[in-house]
Amino acid sequence: MRVRAQIVMVMNLDKCIGCHTCSITCKNTWLKREGMEYVWWNNVETRPGPGYPRRWEDQDRYNGGWTLEGRKLRLRIEVRGDYRPPALEDYYHPWTYDYERLFSAQQFDVQPSARPISLVTGEPMDVEWGPNWNDDLAGADLIDEDSNWAGLQKEIYKQYRDVFMMYLPRICNHCLFPSCLYACPRKAIYKREEDGIVLVDQERCRGYRYCVSACPYKKVYYNWKSGKSEKCIFCYPRIEVGQPTVCSETCVGKIRYLGVLLYDDDAVEDVAKEPEPRNIVPRFLDEVILDPADPKVVESAKKAGIADAWIEAARSSPVYKIVKRWRVAFPLHPEFRTMPMLFYVPPLSPVITEGERALGAKVVDLFPMVEEMRIPVRYLANMFTAGNEELVVGALKKLIALRAYERSLNVRRPGEAEAARKLLSEAGLTERDAEEMYRLFALARYHERFVIPTARKKVTVKGIGIVRP
Amino acid sequence: MRRAASLLAALLAVLVGLAVSISAVVVTAQVPEVAVKYVEGAIPLDPNSPVWADVQGVEVQLASQVLVYPISPTAESRTLLVKALHNGTHVAFHLEWSDGTQDVATPGGLDVFPDAVAIQFPTRLGQLPYICMGMVDNPVNIIYWKAGAGAENLVAGAGYGLSPEQRDALGLARSPVSPVELLPPNAQVVAARAAYAEGTWRVVLVRPTASVHPLMAQLAPGQPVSTAFAVWDGSRGERGGLKATSGWISFVLEAAAEAVTEVRTVTETVPGPAKVVEVTPTWAWAAIGVLIAVIALLLGLLLRHRQT
Ligand code: SF4
Ligand code: SF4
């Protein structure tokens, strides 16, 4: 066992309101620079839809991530011999408006208009595409460009009754087995020993963009002005002083959680090589993520030079509870095999609403309906568990049971309390779990959502993971 | 008899001496050598200058790099036409290759890779460094030109073999940041001019013959210097390790005084299409030498036969 610690984010999709505040505050903090106009380290996608860059999940098109060849992991760019990064059109052509004209135009009967102006060339342009172009277009033909339809008949979901939508905010996943890092022949990308943040060394980078092509999430971006690649830095200058990332700090829905996870670095590669994609997430949670209360883990962590403050933070980590103890959050597209260290609680609310309104079902009767949700379980499983529906159903049942339980405490209808307790135990939760979950998900005080150790971890080894597999 | 033998020996000595003086060290040369003509005064930087049209070139074969990641999906070969001139203080290489598209970095060109070319020199003459960008104990000096960006004078392979003090003294950052590093500003003494027309790049790269930095070799007339070439075709997404490279090609700067007659001899002896093998005088002279030696030997034998 080789214990390492990482500061990890969880996003509770149930609470995302799609306001894009996270994207804007990230942009304002880090990305208002020439060459980066088209770049959104944080972006929010309305799903189903093509995402940003357009159809990024389609690895036949973009060649990101790893492929398993026998017992060997190989970069898909290498296997396919196709190292091309996306073009600007695959993201979008960034623009502003000619606001000056609104003030300087001569007075006529018609109001002056502010034409769109390219942020790249400064020339007038037509706006034809943008990040999240399909916002509020659930059911439109653009849903065809979504990659998560396997096993579903997407035509059904264009019909009024079956239309569904959800928001998917995305940042770099600061993966445990990052294909961006391994793709760089200059070894310009490294994963920080002290907190697991993956960074591009701007001095070493020569702008080759192999990382851009190799990241299956398309979360490394080429700065065409500096000629180098850049990516989300997990706001490390803030993390280092105990502050949450800007996107977490400003999140309107309070959907984001930050905490420490201890993991076994020795298990990472083996799980990344798991032949059956559906087993990746269960093995990730069981074998890679460690229990910070286990004395053996603590001992190994100390031996590995992890500071007490970090071990302590791991014990009170909201992320640990959500991800490992309750198993209600999963990584995005684990089948890309980069072992992403960002976890999503799948969205639930549209089901409840639909169930109560259309079918008149009581909250306590909801379990049989998990599979008949507005957002198909299969769709969520394709997105978060490499098709493992059991995991998604398990998580949704817990979320439903939690609601039923909290409701029973407030509504106090005869019989409801017992029924709710039964739901809880069926879902695998205790009443204490439910209380804790409720506090974390609903009340969400600042210091409960963000548990960030400030004491720097002792650095024992420098630059992990620079040897190619 | 004795007179004849000493005559023969003298003849052979002259022949060997001649061969050595003309085409350098014949025995150690692993590849044919290319003579670099001497010119008085300035060498034209303009790739389209008529001066270059008169210079005999060599066709250098390049093949896709297939040794280390990233490996090109389609291994194929290309040709680079290399011409060279020197004027005592500077040596200029005129590089010409066909490329159907002119690729230059553009604003917003996220998937655009500029066409590029590079010449690799050993940092010191003598033992050849590893051809794939040198080794810790034997680095290489690279002049790298990129369309739209100009030329850089680089060193590769040196990084990890030097102490921070040694690196300080060389004007490099105390700890290496990459396997290929920019030499300090005082060594940025290379110049480039490029022209693209009708599917052909023509690039002139110039460097001083003198070693202006310890990681640049001193080039002197008569001393062969091995160089290797690389070309990147941007439209195929080539950058970094995705490139086409050559083997070592040996060049010899001609001495100022003798240059004129020698070059004439070479061009007269070996006309026809420019091929490495054909323009180099080594084989021609070696063949002539062997021929004369054989004649002399036969002559000696004949003489001996007569006398007995
Ligand atoms: S998501 Fe993973 S592979 Fe992509 S840039 Fe981040 S660390 Fe690298
Ligand atoms: S700020 Fe929060 S709620 Fe708003 S879009 Fe971003 S993640 Fe969702």
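In what follows, every chain begins at residue 1, and chains take the letters A, B, ... in the order their sequences are listed.
Contacts between A/Y210 and chain B at a heavy-atom distance below 4.5 Å involve backbone atoms as well as side-chain atoms. Looking at A/S213, the atoms closer than 4.5 Å to chain B (heavy atoms on both sides) all sit in the side chain, from C-beta outward. For chain A, no part of B/V68 is nearby; none of its heavy atoms comes within less than 4.5 Å. With a 4.5 Å cut-off on non-hydrogen atoms, A/L119 does not touch chain B at all. Both the backbone and the side chain of A/P85 come within contact range of chain B, with heavy atoms under 4.5 Å apart.
Applying the 6.0 Å contact sphere to OH of A/Y236 captures no more than 12 heavy atoms from other residues, nucleotides or ligands. No more than 12 heavy atoms of other residues, nucleotides or ligands lie within 6.0 Å of NZ in B/K146, so this atom counts as exposed by the packing criterion. For A/E203, the CD atom is loosely surrounded, since the number of other residues' heavy atoms within 6.0 Å does not exceed 12. Within a 6.0 Å radius of CD in B/Q127, no more than 12 heavy atoms belonging to other residues, nucleotides or ligands are found.
Contact count versus chain A (heavy atoms, under 4.5 Å) is highest, among B/A149, B/P179, B/P107, for B/P107.
Of all non-hydrogen atoms in B/P176 and A/R204, the two that sit nearest each other are O-NH1, 4.0 Å.
Within the 4.5 Å cutoff, no side-chain heavy atoms of B/D111 are placed close to those of A/R209.
For the atom pair A/Y38 OH and B/L110 CG, the distance stands at 4.0 Å (nearest 0.5 Å). For the atom pair A/R84 CZ and B/R236 CZ, the distance stands at 14.0 Å (nearest 0.5 Å).
With A/R80 contributing its side chain and B/P73 its backbone, the two residues share no donor-acceptor pair below 3.5 Å.
Within the cation-pi definition used here (under 6.0 Å to the ring centroid, within 45° of the axis), A/R74 does not qualify as a partner of B/Y69.
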